[in-house]
Each structure stands twice: as structure tokens, then as C-alpha cells.
Amino acid sequence: MMRNAGNLLTGLRIFLTPLFILTVLRAVGSPAWGAVAVVQFAIVAASDVWDGRLARRAGRASELGRWFDHLADIGYLLAALGVYVYLGELPWWVPASVASAFTFYVVDSQLQTPPVATRNPGPPRLISSRIGHVGGVCNYILIGVLVCNDSLGLRWLPSWFLLGLFYLVPLYSAAAVIARVATRPG
């Protein structure tokens with residue numbers, strides 16, 4: 001069980017994604033459902049923090065596990081941001097910026113990975129990006145803000161402040177792309 005704890009946590013994130021969406025939709029006008037959304041968000045965020053650490057500790061870290069983690073992340077992030085677009089709490093270009101930066105990350109990683117000559121090479125390598133990692137953390141923070149401010153109904157943050165947060169997303173998404181291009185070998 002401990003040997004696969006990292007993948008189990010990543011799988012938990014995938015399992016909770018549609019439940020989180022349904023909970024956020026039910027939270028409209030219901031603080032009790034908003035509290036459930038906060039708990040689900042906390043579990044999802046914790047699973048993202050701990051899945052890789054547990055996999056490395058168990059000696060089970062792999063490229064396939066990284067792909068699994070990244071796909072669980074982008075699936076959750078885009079679904080969560082998308083539901084807030086649907087509810088009118090977030091502009092459409094926020095998840096579009098996240099999707100564009102992630103797509104560039106995957107394609108650029110593939111372009112920078114030399115072809116493998118073996119018959120069963122495994123999944124292509126994903127090349128780490130420090131700014132992309134920070135952007136991913138910021139995306140989770142943004143969802144946490146939306147869950148607490150909107151789904152839980154706290155409404156502590158004024159709309160002008162939220163708009164400022166929203167404008168940061170394409171900026172750090174673009175910074176991740178520019179940094180990858182600027183540090184590309186050759």
C-alpha cells in the first residue's frame with residue numbers, strides 16, 4: 001500500500017474533481033455545501049503536495065507518475081476554474097491562460113526530449129520549469145480564494161482585488177512560457 005501511496009493520492013485528486021464541481025454548483029446559496037467544497041479543495045491541494053513526496057520516499061517516482069500527477073493537476077485546475085467561469089465568478093481567459101501555458105509546457109518538453117531508440121521507451125520526459133511550478137501553486141491558491149470567497153460565501157475580497165488576481169494568471173503563465181523559450185538549449 002505504501003509503495004503506491006503517491007499514485008493513490010493522485011488518483012484521489014482525479015476522483016474528487018467531479019465531486020468538487022458538483023459541490024461548488026450546489027454551494028450557490030448554501031454555505032453548508034460551500035464548507036464541503038472547502039474541505040474537498042483542502043484534500044485535493046494536500047494530495048498534490050504529498051503524492052510526489054510519498055512516491056519518492058517509497059522509491060516509486062517515475063516519469064509515468066509525473067505524467068499522472070500533471071494530468072490530474074490540469075484536469076482539476078481547468079475543471080475548477082471552468083465551474084467558476086460558468087458561475088460568472090471568473091473571466092474565461094483565466095483558465096484559457098492556464099491551458100495554454102500547460103500545453104506549451106508539454107509540447108516544449110517533447111520537442112526538447114531526444115528520441116529514445118528502445119522499443120518500449122515509456123512516456124516522454126517532462127522537463128521541469130521553476131516558474132511553471134510556481135504558476136501551478138498560484139493556480140491552486142486562486143481556486144482556494146474562489147472557494148472561500150464565493151462558494152463558502154465569505155465575500156471578504158472586493159471585486160477589484162479579485163480582478164487583480166485574475167490579471168496575474170496570464171502574466172505568470174506567459175512568464176513560464178518566456179522562461180522556457182529563453183533557457184532552451186541551442
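Keep in mind that this is a model prediction, so the values were computed, not measured.
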- prompt: Hey, any chance V98 and V145 share a hydrophobic cluster, counting ILVMFWY side chains that come within less than 4.5 Å of each other, even indirectly?
  reply: yes
- prompt: What pair of heavy atoms forms the shortest contact from P31 to L152, and how long is it?
  reply: O-CD1, 3.9 Å
- request: Quick one: pull up CG in L64 and CG in D69 and give me the separation to the nearest 0.5 Å.
  value: 11.5 Å
message: Give me each pair satisfying salt bridge (charged side-chain N to carboxylate O under 4.0 Å, His left out) with a member in residues 16-25, each pair once, sequence neighbours excluded.
response: none
message: Among residues at least two apart in sequence or on other chains, which ones pass side-chain hydrogen bond (donor to acceptor under 3.5 Å, both in side chains) with E63?
response: none
- prompt: To the nearest 0.5 Å, what is the distance between CG (L12) and CG (D51)?
  reply: 10.0 Å
task: Can you measure from CD1 (I143) to SG (C148) and round to the nearest 0.5 angstrom?
output: 12.0 Å
- prompt: Are F68 and L77 connected in the hydrophobic side-chain network, where two residues link if heavy atoms are under 4.5 Å apart?
  reply: no
message: Just to verify, what does S109 make a side-chain hydrogen bond (donor to acceptor under 3.5 Å, both in side chains) with, not counting sequence neighbours?
response: R180
message: Side-chain heavy atoms nearer than 4.5 Å, only ILVMFWY residues, links allowed to pass through others: does that put V181 and Y105 together?
response: no
- prompt: Would you say T10 and D73 make side-chain contact, with heavy atoms under 4.5 Å?
  reply: no
field: CZ on F102 to NE2 on H70, rounded to 0.5 Å
entry: 6.5 Å
- line: Separation between CG (L154) and CG (N149), nearest 0.5 Å, reads 7.0 Å
statement: Rounded to the nearest 0.5 Å, the CH2 atom of W50 sits from the CG atom of L8 at a distance of 16.0 Å
List, one per line, each side-chain donor-acceptor pair under 3.5 Å for residues 84-95, sequence neighbours excluded.
from	atom 1	to	atom 2	distance (Å)
Y84	OH	S151	OG	2.6
E89	OE1	R155	NH1	3.4
E89	OE2	R155	NH2	3.4

Just distance, no hydrogens or angles: give the donor-acceptor pairs under 3.5 Å from side chains in residues 40-47, sequence neighbours left out.
from	atom 1	to	atom 2	distance (Å)
Q40	OE1	T23	OG1	3.0
Q40	NE2	T23	OG1	3.2
S47	OG	R13	NH1	3.0
S47	OG	V44	O	2.7

task: Under the side chain to side chain contact (heavy atoms under 4.5 Å, CB included) rule, collect the residues that match up with W160, sequence neighbours excluded.
output: P158
- prompt: Do the side chains of L81 and V28 join up, straight or via other hydrophobic residues, at under 4.5 Å, putting them in one cluster?
  reply: yes
Listed partners of R26 passing side chain to side chain contact (heavy atoms under 4.5 Å, CB included), at least two apart: W33
field: Hydrophobic cluster partners of I178 (side-chain heavy atoms under 4.5 Å)
entry: none
message: Tell me every residue that passes side-chain hydrogen bond (donor to acceptor under 3.5 Å, both in side chains) with S97, counting only those two or more places apart in sequence or in another chain.
response: none
task: Report the hydrophobic cluster partners of L22, with the cluster defined as I, L, V, M, F, W, Y residues connected by side-chain heavy atoms closer than 4.5 angstrom, directly or transitively.
output: none
field: Closest heavy-atom pair and its distance - I14, A72
entry: CG1-CB, 3.6 Å
- prompt: Cluster question for you: counting only ILVMFWY and a side-chain heavy-atom cut-off of under 4.5 Å, with indirect links fine, are V106 and L111 together?
  reply: no
List the atom pairs, donor and acceptor, that lie under 3.5 Å between side-chain atoms in residues 164-177 and the rest of the protein, sequence neighbours left out.
from	atom 1	to	atom 2	distance (Å)
Y172	OH	N139	OD1	2.5
S173	OG	V169	O	2.8

message: Any heavy-atom pair between the side chains of V147 and F20 that's under 4.5 Å?
response: yes
Tell me which donor-acceptor pairs under 3.5 Å the side chains of residues 124-138 have, and how far apart each pair is, sequence neighbours excluded?
from	atom 1	to	atom 2	distance (Å)
S128	OG	R66	NH2	3.4
S129	OG	G132	N	2.9

message: Within the 4.5 Å heavy-atom criterion, are D48 and Y76 side-chain neighbours or not?
response: no
